[in-house]
Amino acid sequence: MREFAARFIRSPEGVAGLVLTTCLLAMALSAPYLFPRDPLSIVGRPLLAPFADPAFPLGTDRLGRDVLAGLMHGARTSLLVGISAAVVAILAGAIVGTLAGFSSGWFDEALMRVVDAFQIVPGFLLALAFVSVMGASLPLIVLAIALGAWTGPARLARAEVLSIRERDYVAAAWVIGMHPLEIAFKEVLPNALPPVLALVSVIVAGAVLTEAALSFLGLGDPNIVTWGSMIAEGRNVLRTAPFLSIVPGLGLVAMVLGVYLLGEGLVEALARRRIRQ
Amino acid sequence: MTALVLKAEGLSKTFRSHGRIVKALDNVSLALGRGETLGLAGPSGSGKSTFARVVLRLIAPDSGRVEIDGEDWLALGGRRLRARRRHVQMVFQDPLSAFNPRATVGGVLSDPLRIHALATRNERPHLVDELLERVGLSPELARRAIHEISGGQRQRVAIARALATRPSLIVLDEAVSALDVSLRGRILELLAGIQKAEGISYIFVSHDLAAVRIISHRVAIMDEGRIVETGPTESVISNPQSATAQTLVESVPKLALRPE
């Protein structure tokens, strides 16, 4: 573990990603303490420019809501949605991929055609359709995003399982009379997981962007402040007060970049270990 | 001769890969009595591993019949097959790949006890210790991970795993081929000792007649999916009839020099 940390420190992108995500995580976690009031409440004069009033360092929007409070609380939503969607997508993908790869035959075929069906529809359109039909609450948005993201993990898990199920220790599990489901989920799945986990960062980054896009189109949860809804709100006064769109936009860039770089660093550190083995 | 543990009749299996047809088993019949060891020797690709895997129900034959303890082994399925699997166990060639890389020694040995309900949860650690002692290992190893112990220790754990379900037949598929020479002798002694004490039957699959000779009562020589010669170990080795057996005997210099 210590050795792993040492290898991770040596990759500059990994460290940059770690710093960025740590800052954003700190923002997200401290938001309710630093800004205990609802970030959607009106607190000052509308359209105050940044750095003009020490009480509102990043200014206020058209309705006089604190931009900094929105930014901090928005980080919370972004991270929560991004991580939850990735967890749901990886979990669903790993289970479907393992069942498909382990069973083979018609069951495998059927499951993989379902994966195909999901994969040919663009993920964002799928999320858009799902949210407009089912309504916009946070759990449904997470589900909508996961719906378009679980196929990658499913394919990867299946490919891994196809190679692992031929190993001797799987034959040994059959020989001692283990139930096929126990073999699939206890002997095979845990060993198929590492390459699938490498997808986490890509999925989190994608989910953050999809969530922002949904909010921008007004399909997000209206009771929660998100960066996407802040950008949409600022769009109306883009010429007179561009900072209203730029500030949450920068947050989005930092989040996606940070998560992606962190993932790159982790994967690289893991790969170096595998080469040495 | 006591009752037969294994009776295989007319087993055939053909593999098709990339348009090529390989006859791995061609009308193979073998029988094995209680407490007996059958050496199954032959060059690589002769079908001996396929035979072992058919007997273990890891692959299905195209035709033929297998009886284990007098019961039609190929007709079993599902829950009944899983329950009966405890009578036929296996030790693999590579002691590392035969274990889940995440497993611990204790976990590996308590799995069969749990699956076949041979011990309650509280009794299991005690039985695991006992199994380790029977194969000459310290019970303290139970807490170690599989990747932390040596190759020789791993193969002993593999034998302990096979013994856990108190089987009537253990298939040893090149079980000592991956070990160095000094370890090989000790593992073979261990296997012979266990057989004497418990009357377990072995099928000892190997390409190495020197190892086969130490442990087997009878040998069957396979080539291209067929049994080309079978008989008591000493007579086959001292007076091989088939060309395949002659080549195998000649490939072990010591055996050829001392024909008695």
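All chains are named by letter (A, B, ...) in the order of the sequence lines, taking the proteins before the strands, and each is independently numbered beginning at 1. What you see below is based on every heavy atom in this structure, not just the backbone, and it leaves out hydrogens, waters and symmetry mates.
- In the model, A:Ser163 has a side-chain atom that pairs as donor or acceptor with a side-chain atom of A:Arg167 under 3.5 Å.
- The candidate from B:Leu56, B:Asp111, B:Thr165, B:Val108 with the greatest count of non-hydrogen atom pairs under 4.5 Å with chain A is B:Asp111.
- To the nearest 0.5 Å, the span separating CD1 on B:Ile159 from CG on B:Leu137 amounts to 9.5 Å.
- Salt-bridge annotation for B:Lys7 and B:Asp69: absent, with no side-chain N of the basic residue lying under 4.0 Å from a carboxylate O of the acidic one.
- Salt-bridge formation is detected for the pair A:Glu109/A:Arg113: a Lys NZ or Arg NE/NH1/NH2 atom is positioned less than 4.0 Å from an Asp or Glu carboxylate oxygen.
- For A:Lys186, the NZ atom counts as densely surrounded, since its 6.0 Å shell holds more than 12 non-hydrogen atoms of other residues, nucleotides or ligands.
- When the heavy atoms of residues 44-53 of chain B are compared with those of chain A, the residues falling under 4.5 Å are B:Arg53, listed by number.
- Interface with chain A: from residues 143-158 of chain B, no residue qualifies, criterion being any non-hydrogen pair under 4.5 Å.
- Inspection of the A:Glu264 and A:Ser201 side chains reveals no N or O donor paired with an N or O acceptor under 3.5 Å.
- Using a cut-off of 4.0 Å between Lys/Arg side-chain N and Asp/Glu carboxylate O, A:Glu160 and A:Arg158 are scored as not salt-bridged.
- At least one donor-acceptor pair under 3.5 Å links the side chain of B:Ser201 to the backbone N or O of B:Gly33.
- With salt bridges taken as basic N to acidic carboxylate O contacts below 4.0 Å, one links B:Glu198 and B:Arg134.
- Within a 6.0 Å sphere centred on CZ of A:Phe130, heavy atoms belonging to other residues, nucleotides or ligands number more than 12.
- Rounding to the nearest 0.5 Å places CG of A:Asp108 at 12.5 Å from CZ of A:Phe102.
- Across every non-hydrogen atom of B:Arg65 and B:Leu74, the tightest pair is CA-CD1, 4.1 Å.
- By a heavy-atom distance cut of under 4.5 Å, B:Arg82, B:Arg85, B:Val88, B:Gln89, B:Met90, B:Phe92, B:Ser97, B:Ala98, B:Phe99, B:Asn100, B:Pro101, B:Arg102 are the residues of residues 80-106 of chain B near chain A, going up by number.
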Enumerate, atom names and distances included, each donor-acceptor pair closer than 3.5 Å involving a side-chain atom of residues 76-93 of chain A, sequence neighbours excluded.
unit_1: A:Arg76; atom_1: NH1; unit_2: A:Ala28; atom_2: O; d: 2.7
unit_1: A:Thr77; atom_1: OG1; unit_2: A:His73; atom_2: O; d: 3.3
unit_1: A:Thr77; atom_1: OG1; unit_2: A:Val225; atom_2: O; d: 3.0
unit_1: A:Ser84; atom_1: OG; unit_2: A:Leu80; atom_2: O; d: 2.5

